[in-house]
Amino acid sequence: EKAGYKHFMMKEIAEQPTVVDAVFDAYLTPDGDAITMDLPGVDFTKVSRVSIVACGTAYYAGLVAKYWFERYARLPVDLDVASEFRYREPPFPDGTLSVFVSQSGETADTLAALRYSDGKAAKIVSLVNSPESSIARESDVAVAIHAGVEVSVASTKAFTAMLATFVVMVLKAAVERGEMDADTLAERLTDLRKLPGLMSHAISIDGELSKAARKVAQAHDVLFLGRGQMFPLALEGALKLKEISYLHAEGYASGELKHGPIALVDKETPTVVLAPHDGLFEKTVSNMQEVMARGGRVLLISDARAIAQAGGGVWRTITMPDAPELIQPILYAIPAQLLAYHAAIAKGTDVDQPRNLAKSVTVE
Ligand code: M6R
């Protein structure tokens, strides 16, 4: 069932353009020019805040959604890992929309957090891969992420499917709340339609990533940096690398570098920077210079324009296609996943069944 791939993880990485298409088929009109996502009983004009709760990779999808909800729909978002949320017993201001995100729909902490929220949140929405799961059944509205069966313990296509589902939900919220006009929505929907093609392009640069990954695999520690909506991708890139290659990796917001992690930088410690061109790229260039000034090696994953602006001294670059800002976090999941995959191959680890990990964490 690996369809000619050596590992489920690579098969699932390669499926992502199709998965994202399936998400858009489910939640947009066939031409992709209007939103059809139905959230019965959810009125975004009455929502005062969103509370997102999840674990692991699903939590990082929630973190991207936080950037999006706040920016495009002007909705404040609180985000928690489920194991903290359930015991913190947080208060629920009126108008709280609770969102639980889970591939399996059976994660024990996420389910317990949902049960705690029942009766306190105005509405409970879940983003799940399995409509039959406990989390789906116990939500007011279960929104399917349409990723299909994910076998690899390291989650890949479920992450991008969660993001593709969230992005539609955010645009719906933005329009309902009067924060996005029809012309802007039309532009953003055009951005979404570019995503599957751009993802296929990103998958095709696998060879370059594999070369870089073989070098990265020789390190003991790896830093991942990202800023703004790319910060969650730095966290996800580090988690993926840890899970399957057993290299120690840390993801940080680029601006946090000086507040501690820069102490780790030396010529042995590569820094992976996930930074497409955007309004903040200049600041990222200074962060990279700080790393390079300490003998650190920077692997810059970015587009041609930003790579040119970064100047000399960068150890390695991976050139990604230009992409509209909204969809960049979804697109950049691919090089983060491929880097981890090839590092694991170089280390000879069990890619699909990494030690100590389970696909579904149904106990605390
Ligand atoms: O099934 P869930 O989405 O609730 O799972 C949450 C995490 O256990 C999961 O994302 C985990 O972090 C993966 N191994 C990440 O690759």
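Every number for a ligand or one of its atoms is a count from 1 in the order of the listing. In this chain, residues are counted from 1 in sequence order. Quantities reported herein were computed from a predicted structural model and do not represent experimental measurements.
Protein heavy atom at the shortest distance from atom 3 (O) of ligand 1 is Q103 N, 2.6 Å. For atom 8 (O) of ligand 1, the nearest protein heavy atom (residue, atom name, distance) is V361 CG2, 4.1 Å. Looking from atom 14 (N) of ligand 1 to the surrounding protein, the closest heavy atom is E243 OE2, 2.5 Å.
Distances below 4.0 Å separate heavy atoms of K240 from the following atoms of ligand 1: 15 (C), 16 (O). Every atom of ligand 1 is numbered from 1 in the order shown, and the set under 4.0 Å from a heavy atom of S102 is 1 (O), 2 (P), 3 (O), 4 (O). Short contacts between ligand 1 and A58, defined as distances under 4.0 Å to a heavy atom of the residue, involve ligand atoms 3 (O), 10 (O). Close approach of ligand 1 to A154 is summarised as follows: ligand atoms under 4.0 Å from at least one heavy atom of the residue are 16 (O).
The pair R88-D80 meets the salt-bridge criterion, since a charged nitrogen lies less than 4.0 angstrom from a carboxylate oxygen. Residues D78 and R49 are paired through a salt bridge, judged by an N-O separation under 4.0 Å between the basic side chain and the carboxylate. The pair E1-K11 does not meet the salt-bridge criterion, since no charged nitrogen lies less than 4.0 angstrom from a carboxylate oxygen.
Considering backbone and side-chain atoms together, S104 places an N or O closer than 3.5 Å to an N or O of ligand 1. Polar contact with ligand 1: present for V153 (N/O pair, distance under 3.5 Å). Looking at K359 next to ligand 1, no N or O pair under 3.5 Å apart turns up.
At least one heavy atom of C55 sits closer than 4.0 Å to an atom of ligand 1.
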Side chains of residues 157-164: which donor-acceptor partners sit under 3.5 Å, not counting sequence neighbours?
from: K157; atom 1: NZ; to: E15; atom 2: OE1; distance (Å): 2.7
from: K157; atom 1: NZ; to: A147; atom 2: O; distance (Å): 2.9
from: K157; atom 1: NZ; to: V149; atom 2: O; distance (Å): 2.9
from: T160; atom 1: OG1; to: Q16; atom 2: OE1; distance (Å): 2.7
from: T160; atom 1: OG1; to: K157; atom 2: O; distance (Å): 3.3

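In summary, the side chains of E364 and S83 do not present any donor paired with an acceptor at a separation below 3.5 Å, with no hydrogens or angles considered.
The aromatic ring centroids of H146 and Y27 lie less than 6.0 Å from each other.
When L239, V101, T57, T107 are checked for heavy-atom proximity to atom 9 (C) of ligand 1, T57 turns out nearest.
For E179, there are no salt bridge (Lys or Arg N to Asp or Glu O under 4.0 Å) partners, not counting sequence neighbours.
Annotation for K347 and S245: closest pair CE-O, 3.4 Å, computed over non-hydrogen atoms.
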